[in-house]
Amino acid sequence: MASEPAHPQQTRRRQDPDGLLICDPRDIFDVAGIRDRIDAAAAGKDPTALRAAVMDILREAKAAGREAIAEAFAEAPFAARPLTRSYTFLTDGLVTAALHVAVSYLQPHPTPHSAERLAVIAVGGYGRGEMAPFSDVDLLFLTPNKITSWAENVIETMLYMLWDLKLKVGHASRTVRDCVKLGHEDFTIRTALLEHRFLDGDAQLAEKFASTLRQELFSDGARAFIEAKLSEREARHRKQGERYVVEPNVKEGKGGLRDLQSLFWIAKYIHGVQDVAELVPLGVFRPDEFARFEEAEDFLWAVRAHMHLATGRATEQLTFDLQVEVADRMGYRDRAGRRGVEIFMQRYFREATAVGDLTRIFLTKLEAIHLKSEPLLERIFRRRPKVRDGYKVINNRLAIVDPKAFLSDKLNLLRLFEEGLRTGMLIHPDAMRLVTANLALIDDDMRNDKEAQRIFLDLLLKHGNPERALRRMNELGVLAAFIPEFEPIVAMMQFNMYHSYTVDEHIIQCIAQLAKLERGELKEALPTSSTILKRGVNRRILYVALLLHDIAKGRPEDHSILGAKIARQVAPRLGLNKSESETVEWLVRYHLLMSDLAQKRDIADPRTIRDFAKAVQTTKRLELLTVLTVCDIRGVGPSTWNNWKAALIRALYRQTRKALQGGMEDLTRENRGAEAKRALRAALPDWTKALLKAETARHYPPYWQGLHVTAHVDFAEMLRELEEKGDSAGMVIRLHPDEDRDATRASFVMVDHPGIFARIAGALALVGANVVDARSYTTKDGYVTDAFWIQDAEGRPYEVSRLPRLTQMIQKTLAGEVIAAEALKSRDKIKKREKAFNVPTHVTFDNEGSDIYTIIEVDTRDRPGLLYDLASALASANVYIANAVIATYGEQVVDSFYVKDMFGLKYHSPAKQKSLEAKLRQAVAAGAERADG
């Protein structure tokens with residue numbers, strides 16, 4: 001079991017005398033040796049031959065240098081700073097060699113004079129001396145006056161050589177005066193010029209350029225520059241999303257490298273510093289904060305460099321497949337219960353959080369030190385709220401009057417957040433610093449203090465926006481200090497495509513959803529949960545259960561079982577009484593029960609409702625679990641909740657509540673069937689009694705309980721249409737938008753024969769439809785009525801305009817004009833980013849979950865043709881499929897089939913189960929082979 005990989009200084013191999021490069025400079029680019037080889041190659045050659053010879057030398061040098069750097073980096077995978085300087089050193093060698101060849105051999109000037117001067121300047125990241133393996137090479141070609149034909153020829157010759165070396169060159173040719181003018185007009189240009197570095201050419205011109213910029217461009221306009229950089233930062237964050245998204249952009253995302261670079265640009269502009277270390281004596285950063293800056297910067301640069309090397313190009317998005325590759329390159333290995341990639345990503349998110357903390361500290365110091373009367377971070381608050389004794393307001397932030405007095409009562413470490421919520425103010429970074437430096441004060445005595453428990457529960461319950469306090473407490477380490485069991489899940493990533501956030505952020509998002517519900521913001525979206533809250537529930541139980549429901553994630557044990565044990569210890573420590581604590585424990589233990597039943601079982605089956613009602617036992621528990629389930633699903637990610645899930649949860653809640661209040665007898669098939677038949681008669685007033693009698697008599701009991709009356713009407717009309725046609729080989733298809741469920745209901749009627757279900761599944765897969773639910777019923781007179789609920793690639797119902805063409809395509813496939821098994825080969829390919837996930841296949845048989853069916857559950861990797869493959873495998877074994885319930889969780893899918901054998905019996909025999917399991921696994925494996933191919 002690997003521990004956290006070693007620090008770069010412990011593993012770095014040979015370096016140059018200053019310790020700046022990752023290996024011997026001559027291995028990267030032998031400046032003198034290559035210059036000698038170029039000069040030797042120039043002897044007696046015409047320009048064309050000379051250029052060809054030089055390009056061979058430089059290509060070879062570039063390849064050897066890149067190989068040397070990559071080899072050294074593989075041995076020292078955290079040595080980010082030496083790496084970025086090494087690529088800069090290599091690029092410097094190539095650029096200066098190209099200039100030497102251009103001015104000495106290919107474009108020599110016969111009569112140079114004062115106007116024929118040229119300086120080559122590196123700008124931007126290249127100018128700063130920080131380059132990833134495939135960073136752009138940004139060059140400024142500087143001339144004293146208007147560019148001459150000689151300078152133009154030199155620049156053109158250089159650029160062609162650099163392009164031939166496959167370098168991505170960004171370039172501009174300007175005078176000193178041009179640079180000053182454009183720098184005043186454009187902050188992007190001004191930022192690039194801020195990080196200029198002389199490479200070669202006329203040193204005197206370069207020095208004049210540097211002094212002119214200092215005097216005329218960087219001497220004023222600090223406020224406007226800062227505003228511009230902060231606006232850019234805000235725009236980046238809006239585009240890239242939160243710091244906790246599971247596929248972050250390492251360069252541009254929140255907590256990424258660009259945030260650190262923005263701090264440095266502002267510091268350099270204001271203070272004229274050349275290195276972040278210079279901010280320590282200026283009082284902007286404390287020594288420990290500077291060390292944190294370096295640690296975060298080194299880690300992020302190392303990650304970015306590994307991403308470039310792994311893909312062979314400039315890649316900034318840390319996608320799932322890259323996360324696995326980079327984690328492996330950096331030495332992260334699997335530990336009990338967790339993959340190495342999850343350990344790596346937890347470190348990543350902790351570094352991103354540190355970047356956010358440093359940004360706040362830095363910008364607030366700027367406000368204190370510089371001209372700014374209005375805060376840089378917050379421009380929202382215009383009035384100064386009244387604060388309690390011990391606090392003061394600095395730049396509209398809550399600050400501490402006397403740190404020593406504040407720390408004399410350790411409960412103040414919690415009261416600070418309470419005051420922040422009460423006043424609606426942000427906390428001053430100096431106050432945050434004080435809290436972080438004194439986390440050791442939060443000990444067992446404080447955790448068991450009644451007043452501390454009250455304050456913490458009030459943070460959750462009293463002020464209406466608990467997520468704001470929880471997020472800040474989490475980032476500062478207070479949450480993990482007060483609830484030590486929380487610490488392992490801080491910044492923990494769940495390596496799958498289902499969860500959009502880290503575990504701690506998911507919990508905070510869940511609590512945010514509950515707070516929105518309580519504020520009445522989700523009345524229309526969540527009417528059932530809103531009604532439950534309006535009737536009244538124990539809020540202490542609900543908030544604490546949400547806080548603890550995933551607290552045991554990332555361990556080898558089942559997180560629900562272990563989480564319940566943890567909740568048993570933590571809930572009393574948060575001030576809950578015995579009864580409340582027991583309910584919290586039960587909710588944590590069964591927090592997935594309702595979600596699993598709603599999404600993986602047929603909730604029209606009375607047995608499902610009976611079993612669920614027996615599990616929850618009381619209406620109080622049912623209501624708490626319903627709200628918790630809704631908040632849990634909505635907290636997974638912005639697009640996880642939809643009308644389909646809402647309809648399932650709502651139906652399960654209402655039927656179970658009815659059963660708990662009125663008794664289980666209401667759930668019998670006979671009662672449900674009688675109600676459904678009455679609804680059908682009411683919906684078909686024009687039908688004769690004889691027709692209605694024939695229609696209600698032709699169906700078996702499961703048909704009446706499994707479908708809505710609108711489906712019963714459709715099938716009645718479709719059966720009548722098919723009989724009137726008198727076509728025994730024909731079929732009738734209807735597609736009906738079911739917007740309440742975010743799906744389209746595809747209904748099929750035809751004469752029954754084996755394999756129909758599989759053929760329909762294949763046809764739907766071929767047209768790109770995702771099946772989310774399916775029901776299959778045979779009539780007593782030999783017809784089959786199948787209903788499939790389908791969604792498009794975006795998880796939405798099909799637009800009405802697309803339905804006629806969709807119907808036509810399905811008919812063609814079912815008529816045999818397209819063979820599904822062959823056509824699906826091109827549809828089954830798994831995307832590269834999804835291949836990183838380990839999704840083992842599990843097949844289970846449940847004979848208790850339904851009175852008349854065996855439920856076969858196949859849990860495996862999702863792909864377009866999977867349902868067809870599984871249904872075909874079951875059909876080949878003469879298995880009758882009554883229902884299929886499909887639950888998708890990112891790259892994972894659970895297909896649950898309600899089945900009987902050819903005699904209408906359940907599959908009790910272990911031998912038969914084993915045989916069916918083998919067929920299903922074979923179908924999964926064959927499809928996976930196609931997908932990988």
Side-chain angles (χ1 to χ4, degrees), residues 244 246 335-338 342-343 345-346 349-350 353 414 439 442 444 447-448 452-453 456-457 459-461 466-467 469-496 498-515 539-576 580-596 624-625 627-629 631-636:
Y244 307 96
V246 291
R335 295 184 198 166
R338 297 188 69 197
E342 293 175 320
I343 300 166
M345 288 304 295
Q346 185 168 29
F349 288 117
R350 288 189 169 182
T353 301
L414 291 177
L439 291 175
I442 303 176
D444 284 340
R447 294 180 196 109
N448 292 306
Q453 294 166 358
F456 185 82
L457 282 178
L459 288 171
L460 292 177
L461 302 168
E467 71 277 12
L470 286 176
R471 188 170 287 114
R472 184 65 71 236
M473 289 168 75
N474 188 35
E475 289 172 352
L476 298 180
V478 175
L479 194 53
F482 193 66
I483 307 173
E485 295 85 352
F486 200 86
E487 200 280 333
I489 61 168
V490 173
M492 177 189 284
M493 178 189 175
Q494 301 170 80
F495 192 66
N496 56 53
Y498 180 59
H499 291 89
S500 297
Y501 307 108
T502 53
V503 180
D504 54 338
E505 179 62 15
H506 161 67
I507 286 172
I508 292 170
Q509 291 284 348
C510 293
I511 287 171
Q513 291 295 325
L514 178 54
R539 298 172 65 237
R540 288 152 58 98
I541 289 173
L542 202 45
Y543 273 100
V544 172
L546 270 177
L547 182 68
L548 302 179
H549 78 281
D550 274 350
I551 200 161
K553 275 281 177 81
R555 314 209 194 173
E557 305 95 321
D558 181 312
H559 83 280
S560 297
I561 297 171
L562 182 59
K565 291 177 184 173
I566 293 171
R568 189 186 307 159
Q569 307 299 320
V570 175
R573 214 169 63 223
L574 295 180
L576 271 61
E580 290 171 331
S581 297
E582 285 172 355
T583 305
V584 166
E585 181 184 345
W586 185 89
L587 285 169
V588 173
R589 171 65 184 88
Y590 295 105
H591 74 271
L592 294 175
L593 178 63
M594 190 174 199
S595 172
D596 281 349
L624 288 167
L625 184 58
V627 176
L628 184 143
T629 301
C631 293
D632 189 13
I633 298 173
R634 287 177 66 91
V636 165

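- Remark: Lys553 does not engage Glu485 in a salt bridge, criterion side-chain N to carboxylate O under 4.0 Å.
- Considering CG of Leu514 and CG of Leu628, their distance stands at 8.5 Å, rounded to 0.5 Å.
- Here the closest non-hydrogen pair linking Gln453 and Pro572 is NE2-O, 4.1 Å.
- Note that CD1 of Ile507 is 14.5 Å distant from CD of Glu467, once rounded to the nearest 0.5 Å.
- Listed here is the closest heavy atom pair of Phe349 and Met493: CE1-CB, 4.1 Å.
- Shortest non-hydrogen contact noted between Val588 and Gly563 is CG1-C, 3.4 Å.
- No side-chain donor from either of His591 and Asp632 sits under 3.5 Å from a side-chain acceptor of the other.
- Atom CZ of Phe456 and atom CG of Leu461 lie 10.0 Å apart (nearest 0.5 Å).
- Put simply, the side chain of Asn474 reaches to within 4.5 Å of the side chain of Ile508, judged on heavy atoms.
- The shortest non-hydrogen separation linking Ala481 to Arg447 is O-NE, 2.8 Å.
- Between Thr583 and Leu576, the closest side-chain pair of non-hydrogen atoms is not below 4.5 Å.
- Between His549 and Leu587 there is no side-chain heavy-atom pair separated by less than 4.5 Å.
- Glu505 and Gln509 share a side-chain donor-acceptor pair at under 3.5 Å.
- A distance of 12.0 Å separates CG in Leu574 from CD in Gln569, rounded to the nearest 0.5 Å.
- At a threshold of 4.5 Å between non-hydrogen side-chain atoms, the residues Glu585 and Arg589 do not count as touching.
- Residues Ile566 and Leu548 fail the side-chain proximity criterion, which asks for heavy atoms closer than 4.5 Å.
- In the model, Gln346 has a side-chain atom that pairs as donor or acceptor with a side-chain atom of Arg338 under 3.5 Å.
- If you take CZ on Phe486 and CG on Asp504, they are separated by 5.5 Å, rounding to the nearest 0.5 Å.
- At a threshold of 4.5 Å between non-hydrogen side-chain atoms, the residues Leu592 and His559 count as touching.
- Here the straight-line distance linking atom CG of Leu542 with atom CZ of Arg540 works out to 13.0 Å at 0.5 Å rounding.
- Nearest heavy-atom pair, Leu459 versus Met473, reported as atom, atom and distance to 0.1 Å: CD1-SD, 3.7 Å.
- Here the side chains of Ile483 and Leu547 are in contact, with some heavy-atom distance below 4.5 Å.
- Note on Glu582 versus Arg568: no salt bridge recorded, every NZ/NE/NH1/NH2 to OD/OE distance being 4.0 Å or above.
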Inset, instruction - Decide yes or no on side-chain contact (heavy atoms from CB on, under 4.5 Å) for Val490 and Leu479, but give the supporting numbers first. - result: CA-CA 9 Å; Val490 173; Leu479 194 53; over 6 Å; no
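- In this structure the side chain of Leu470 reaches within 4.5 angstrom of the side chain of Leu460, judged on heavy atoms.
- Of all heavy-atom pairs spanning Cys510 and Gly635, the tightest one is SG-CA, 4.0 Å.
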